[in-house]
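Quick caveat, the model's predicted, so the values are computed rather than measured. All values below were derived from every heavy atom in this structure, side-chain atoms included, with hydrogens, water molecules and symmetry-related copies excluded. Counting from 1, the numbers follow the sequence of the chain as shown.
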Amino acid sequence: MKKKFIFNLTILLTITVLSGCGRGDNTPIDTDGDGIEDSLDIFPNDPTETSDTDEDGVGDNRDNCVDVINTDQSDIDIDGIGDECDDDKDGDEIANDTDNCPLNDNADQTDSDANGPGDACDPMPTVYAFDNSAFPESDSSVSYLGQTASQLLISDMSYFMQNLLVEDTTVSVEDKVSAMKFFVYGTDIDTANTLIGEYIADADNVELKDAAVYGDISVSNNLHEKIAGGDGNGNGHISGLIDGEFFGWEEEVVALPIDLVNHWIQIQAEIASDGVATIVVDSSGTSSTAHVNIDEEGRNYRQLLNTFLTGAVNFSQGTNNHFIKNFSGSDDDGVNYIAAQDGTNAFTLAEHHFDQGFGFYGAARDGLDYTDLEASAVSGRDEYKNGYHDTNADLMIDLRSEYFFGHSQICADRDAGSASGAVPTDFSNEVMLPTLAARKILSNAANKTNPELTEIETSKLREHINNVSTGWEKCIAASAIHNINNLLISISNYDNGAPVNIENFQDVAKYWSDLKGYVLSLQFSPASPFRDNAVVEVDINDLKKALTLIGDAPVLANGSQNGIPASGSASDAIYSYTGKLIEVRSILQDAYSFSDVNTLNW
C-alpha cells in the first residue's frame, strides 16, 4: 500500500512538471505591453515610446528633433520643430543663417546701429550714456558743457526780462542794453557772474550741482558767436545762414540774426526807460498797464528773444553745425575724426561733435524715463514732475544731464497736447530714439581696435541724424501752430475795437511773439522740408510767405498793425488777418504732414 502511494505521488509530480514546461508558450517579456519585447524596447516601461534614434534620451514619438540630439527640446517659436533642427528657430520666416537675430522674432530685421545683430537681440541704449575704452581713466565719453551754458544763458535772459527788468527812468537805456546783452555777449570773467536759475520749478528746494556761477558750467561760452550768421564781425557761426540769407523781419533792415537780437534788445531797453508805460484801454473803458516786455504794437520782446535765440542758436547749431560734421574719414592733416582724441578729453572729435548737437536739443540724458507731462514740467511723479530728476541720487540736480531745456520741453508739450486725440504724436521719441542709435554707432566705431566707421555705419548714422533734425523741427513747427490757434482764440475775443481786458492784449502779444520766433527759426536747418524737396507741396518761398503773412506785429483790436491804421473797418482788418493766420497754419501742416485733428487742436 505504501509503495503504491509513493508511485502515484511520483506520477502526479511528473505530470505537474511536464505540464509547466511543456505548455508551448515561449513569448518574450513585454513589461509595458506595447508589443515590443523589453530586450528590444529602449523604453520598456513606457508604452508610448520604443525607440530613440538620436540617443538623446527622448523617445522618437515625442522628440521634436528625431535625428538631432536635443535633450532640452527647446522650441522657441513653439512650432513643434525643435530649435536644433529648425531652419527658422524664431519663426519670423527668415532663415537662421540670414537672420540677424535667429533666436528672436524680428521680421523687420532692424539693426539701428548697423553692427550686425538686430535690435531684438542687441537693444539700443535707453539712456544717453557712453564710454570709450581708449580712455580708461574716465567712465564717460559724453560732454556738452558749452551747450548747457547756452541753454542757461537763454533761460536766464528770459527770466531777467520777465522778472528783474522794470520801468525805471533812473537806469539808462545803455545800462539796460548792457544788462541784457550780457546774456548774449558775456564777458571775459563769466566765472564771476551768478547763474540765475530762479525759473527752475521749485527752485527754492532744489540744490544745483556745481552751478553757482556760469563758469561752473563752462567758461566763455557766449551766444553771439554761436548764433546763425555769426557776430557781425566775421566771427562765430558764419556758415549758419543757409545760402547766406536771413529773412522774415521787414520792419528794420537786418542782415544777420544778431542784428535782429540787438534791435529787439534796444527797443526793450527803451520801453523800460522812457517813463511811458504801454497803456491798454479795454472794451469797458478800463485803463491798465501792460508788462514792461510789451510794446504798444502788441509785441512781447521777452518771448521774441527767447524763441528766436533758441532757434537761431540752439536749433541752428545742432542741425546746421554739429550734426553735419564729418564723423568718418580724416581731415587734411590726416586726423581721423572717430579715432582722434579731442584735446586732453576722454572722447574723440566725432563723439564730441555729436554730443554738442544733443546738448543744444536740451533733453535729460534719461529722457525716455519721463512722461510728456513730466518732461514739460507740468505734472507727474513727484521726483520727475518739474522737468528734472535726481538720476544718480546725489541729492542734487545736475543741469548738465538731469534737466530738460528749450526745445526738448516743447516736444514733450506738443506730444502731451495730442495724447488724448485720435492721432497722438511722439516727437520726443522721434528725436530721442535716433539720437541714441546714432550715438551708439559712434561709440561702437570709437571702441573698435582700429576705430573706424564703415560705409554701412556711416549711412545709417546719416539716416538717424536726418530723423533727429526733422523730428526736432516738427516740434518747433507744431509749437508755431499751437500759438496760431491760441492767437486766433485771443483775437476772436476782441470787443468792439478794443481788447476785452488787459489779459486779452497781453495774450495776443505773447502768442504772436512766440509764433514769430518759432517760424523765423524754421529757416536754420538744411534738413527742413522747406529746403530738402522731400515735400513737393512746399519750398523755401512758402516759408517766406508764411513770415510775411504773420507780419512784424499782430493786428490789434482797433484794426491797426505795427502802427499802421486799418484801411477799412477794424473788423475787416481782423477778419483778413485771421485768414492769413489760417493760411500760415495750412502751410505748416502741409510741410510737416500734421494731421487735421492735431493741427486744429494743438
Determine whether a donor-acceptor pair (N or O, by modelled atom type, separation under 3.5 Å) exists between the side chain of N601 and the backbone of V597. yes
Parallel, tilted or perpendicular, as decided by the 30° and 60° cut-offs, for the rings of F427 and W602: tilted
N104: side-chain hydrogen bond (donor to acceptor under 3.5 Å, both in side chains) partners, not counting sequence neighbours: none
E351 versus N132, side-chain donor and acceptor atoms under 3.5 Å: yes
Using distance alone, with no hydrogens and no angle criterion, decide if N444 and K440 have a side-chain donor and acceptor under 3.5 Å apart. yes
Between N314 and Q151, is any side-chain donor less than 3.5 angstrom from a side-chain acceptor? yes
Parallel, tilted or perpendicular: which fits the ring planes of F358 and Y128, with parallel below 30° and perpendicular above 60°? parallel
Counting N and O atoms only, with roles assigned by atom type, does the side chain of N300 sit under 3.5 Å from a partner on the main chain of V508, one being a donor and the other an acceptor? no
Okay, side chain of Q523, backbone of L520: is any donor-acceptor separation there less than 3.5 Å? yes
Is the backbone of S112 close enough, under 3.5 Å, to the side chain of H464 for a donor and an acceptor to pair up by distance? yes
Once salt bridge (charged side-chain N to carboxylate O under 4.0 Å, His left out) is applied, do any residues pair with E452, and if so which ones, sequence neighbours excluded? none
Of all residues at least two apart in sequence or in a different chain, which pass the salt bridge (charged side-chain N to carboxylate O under 4.0 Å, His left out) check with R414? none
Rounded to the nearest 0.5 Å, the CG atom of D532 sits from the OG atom of S469 at a distance of 10.5 Å
For N562 and E297, which I'm curious about, is there any donor-acceptor pair between the side chains at under 3.5 Å? no
P424 and D415, any side-chain heavy atoms less than 4.5 Å apart: no
Go through the steps for R302 and S158 under the test side-chain hydrogen bond (donor to acceptor under 3.5 Å, both in side chains), then give the verdict. CA-CA 6 Å; R302 168 187 174 264; S158 183; 3.0 Å; yes
In the structure I gave you, are the side-chain heavy atoms of F524 and I476 within less than 4.5 Å of one another anywhere? no
Plane angle bin for H352 and F347 - parallel if under 30°, tilted between 30 and 60°, otherwise perpendicular: parallel
Does one side chain, of S141 or R439, offer a donor that lies under 3.5 Å from an acceptor on the other? yes
Would you check if there is a donor-acceptor pair between the side chains of D596 and Q589 at a distance under 3.5 Å? yes
Is the Y214 to F182 ring centre distance short of 6.0 Å? yes
Do the ring centers of Y388 and F404 come within less than 6.0 Å of each other? no
Any luck finding a side-chain donor-acceptor pair between N221 and K226 under 3.5 Å? yes
Ignoring hydrogens and geometry, is there a side-chain-to-backbone donor-acceptor pair from K516 to G248 under 3.5 Å? yes
Determine whether the side chains of N504 and Y494 contain a donor N or O and an acceptor N or O closer than 3.5 Å. no
Polar contact flag, side-chain donor to acceptor under 3.5 angstrom, N293-Q268: yes
Within the structure provided, determine whether L305 and V261 are in side-chain contact (heavy-atom separation under 4.5 Å). yes
Would you indicate whether the side-chain heavy atoms of D119 and N106 approach each other to under 4.5 Å? no
Main-chain N/O of H389 paired to Y370 side chain as donor or acceptor, under 3.5 Å: yes
Tell me yes or no: between the side chains of H482 and N486, is some donor less than 3.5 Å from an acceptor? yes
